[in-house]
There are 2 protein chains.
Amino acid sequence: MFVPDIREKLRGSGYTLTSQRRAVLEALLRAKGHPSAEDVYLIVKRENPRVALGTVYQALSVLEEVGVIGSKHWAESPTRYDLNVEPHLDIRCIRCGEVSEVPGVALGAVEEQIRDNTPYRVTHSAMVVEGLCPACLDGE
Amino acid sequence: MFVPDIREKLRGSGYTLTSQRRAVLEALLRAKGHPSAEDVYLIVKRENPRVALGTVYQALSVLEEVGVIGSKHWAESPTRYDLNVEPHLDIRCIRCGEVSEVPGVALGAVEEQIRDNTPYRVTHSAMVVEGLCPACLDGE
DNA sequence: TCTAAAAACAGGAATGGTTACTGATCACCA
DNA sequence: TGGTGATCAGTAACCATTCCTGTTTTTAGA
Ligand SMILES: [Mn+2]
Ligand SMILES: [Mn+2]
Ligand SMILES: [Zn+2]
Ligand SMILES: [Zn+2]
């Protein structure tokens with residue numbers, strides 16, 4: 001996604017592309033994975049030491065609201081952010097915390113089954129997957 | 001599950017069935033749903049006002065460890081506990097917080113797909129589903 | 001370009017769920 | 001019945017996240 005597209009998306013919801021929001025996006029790119037808000041904060045601070053952690057949280061929240069980034073939450077660990085906004089599965093290592101993507105799993109059918117079997121109006125569903133990453137499997 | 005079975009399971013892991021743990025189980029029964037640790041605490045306190053919240057957390061943790069109860073976690077809300085330890089889906093209302101079960105959805109195939117598509121050793125996977133319950137749909 | 005209003009920000013305090021710590025109490029068995 | 005380890009109550013600490021307040025930046029309009 002390019003800067004003009006992102007600016008456009010923010011505009012559409014009445015937001016602007018501030019230098020902090022751009023810095024958060026760049027940090028997300030540089031982290032090249034699934035960083036936590038604090039991870040992002042530490043990267044942003046390298047270039048702009050005056051940025052506040054609260055600002056990073058707020059920027060991440062705005063960027064997620066307009067659909068530029070996504071987030072996933074595992075119990076007992078901070079929320080992870082993701083430039084990949086397509087529906088997909090992520091797995092988190094319970095030892096080192098690394099998050100990676102799991103390709104080739106389609107959840108569409110399951111989501112349809114859920115909607116067909118509950119009187120709730122489903123607004124959100126996600127799979128939370130945990131395990132041991134190859135590196136952590138080695139030393140076990 | 002009956003008291004002797006539960007005592008047996010605790011024994012198997014070196015635990016005993018204390019009055020507090022029994023009270024937590026009874027509260028879970030009485031709550032008849034998916035209570036939070038604090039919900040359980042409030043029920044237990046009605047009969048035994050001296051019990052501490054920390055004790056409830058610890059009892060829930062032990063009971064879960066030995067497989068007598070289960071727990072599920074949704075972002076932005078406390079962990080919910082469940083006497084139903086069979087694999088099943090729960091959906092949480094984003095307005096009132098009520099948690100209900102979603103019958104008739106099989107996740108076995110998806111879990112197999114996940115194991116086949118990641119180098120991680122999968123230790124845990126769960127579906128997190130949110131929506132609006134029928135009652136909250138009414139007043140919307 | 002200048003100016004008032006709105007938005008965003010930095011810094012820090014507060015929040016809420018959960019865990020950790022400590023001294024007291026309890027349960028089990030020799 | 002006494003010793004020993006498990007468990008407990010009470011409370012402090014923890015951590016991710018949100019909230020608050022005064023300040024800075026951006027935006028729109030004259
Ligand atoms: Mn991802
Ligand atoms: Mn359930
Ligand atoms: Zn790992
Ligand atoms: Zn509801």
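All figures in this text were calculated on a predicted structure; none of them were measured in a lab. Within every chain, numbering begins at 1; the chains are lettered A, B, ... in the order of the sequence lines, protein sequences first and strands thereafter.
Using a 3.5 Å distance cut-off with no hydrogens or angles, the side chains of B/E64 and B/Y81 do not pair a donor with an acceptor. Between the side chains of A/Y120 and B/S100, a donor-acceptor pair is found at a separation under 3.5 Å. Residues A/Q20 and A/T55 bring no donor and acceptor atom of their side chains to less than 3.5 Å of each other. No side-chain N or O of A/E130 forms a donor-acceptor pair with one of B/T123 less than 3.5 Å apart. B/H34 and B/N84 share no donor-acceptor pair across their side chains, judged by distance under 3.5 Å alone.
Two residues are said to be in side-chain contact when any heavy atoms from C-beta on lie closer than 4.5 Å; B/V24 and B/I69 fail this criterion. Here the side chains of A/R92 and A/S77 are in contact, with some heavy-atom distance below 4.5 Å. Counting heavy atoms from C-beta outward, A/L42 and A/E38 have side chains that approach closer than 4.5 Å.
In 5' to 3' order, the nucleotides of DNA chain C bounding all contacts with chain B (an atom under 4.0 Å from a heavy atom) are C/dG17 to C/dT19.
Ring geometry, B/H73 versus A/H73: the interplanar angle falls under 30°, so the pair is classed parallel (tilted spans 30 to 60°).
A rotation axis mapping the C1' atoms of four pairs onto the next four is fitted at both ends of the helix from C/dT1-D/dA30 to C/dA30-D/dT1 over five pairs, and the angle between these axes is 20° to 10 degrees.
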With sugar-phosphate taken as primed atoms, P, OP1 and OP2 and all else as base, the protein-contact string of nucleotides 3-11 of chain D at under 4.0 Å (heavy atoms; B, S, -) is ----SSBB-
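Rounded to whole Å, the distance from CZ on A/R80 to C1' on D/dT17 is 16 Å. The interatomic distance linking A/Y57 (OH) with D/dA16 (P) rounds to 7 Å, in whole Å. D/dT26 atom C1' lies 12 Å from atom CZ of A/R7, rounded to whole Å. Look at CG on A/L42: it is 14 Å from C1' on D/dA16, rounded to the nearest Å. Counting to the nearest Å, the P atom of D/dC14 and the CD atom of A/E38 are 15 Å from each other.
Using a 4.0 Å heavy-atom criterion, one finds that A/S36 contacts no nucleic acid atom at all. Among the heavy atoms of the strands lying under 4.0 Å from B/T79 are primed sugar atoms or P, OP1, OP2 only; no base atom is included.
A/V102 and A/V129 end up in the same hydrophobic cluster when Ile, Leu, Val, Met, Phe, Trp and Tyr side chains are linked at under 4.5 Å.
A donor-acceptor contact shorter than 3.5 Å is absent between the side chain of A/R21 and the backbone of A/L63.
The nearest heavy atom of DNA chain C to B/R11 and to B/Y81 marks one nucleotide each, and the one closer to the 5' end goes with B/Y81.
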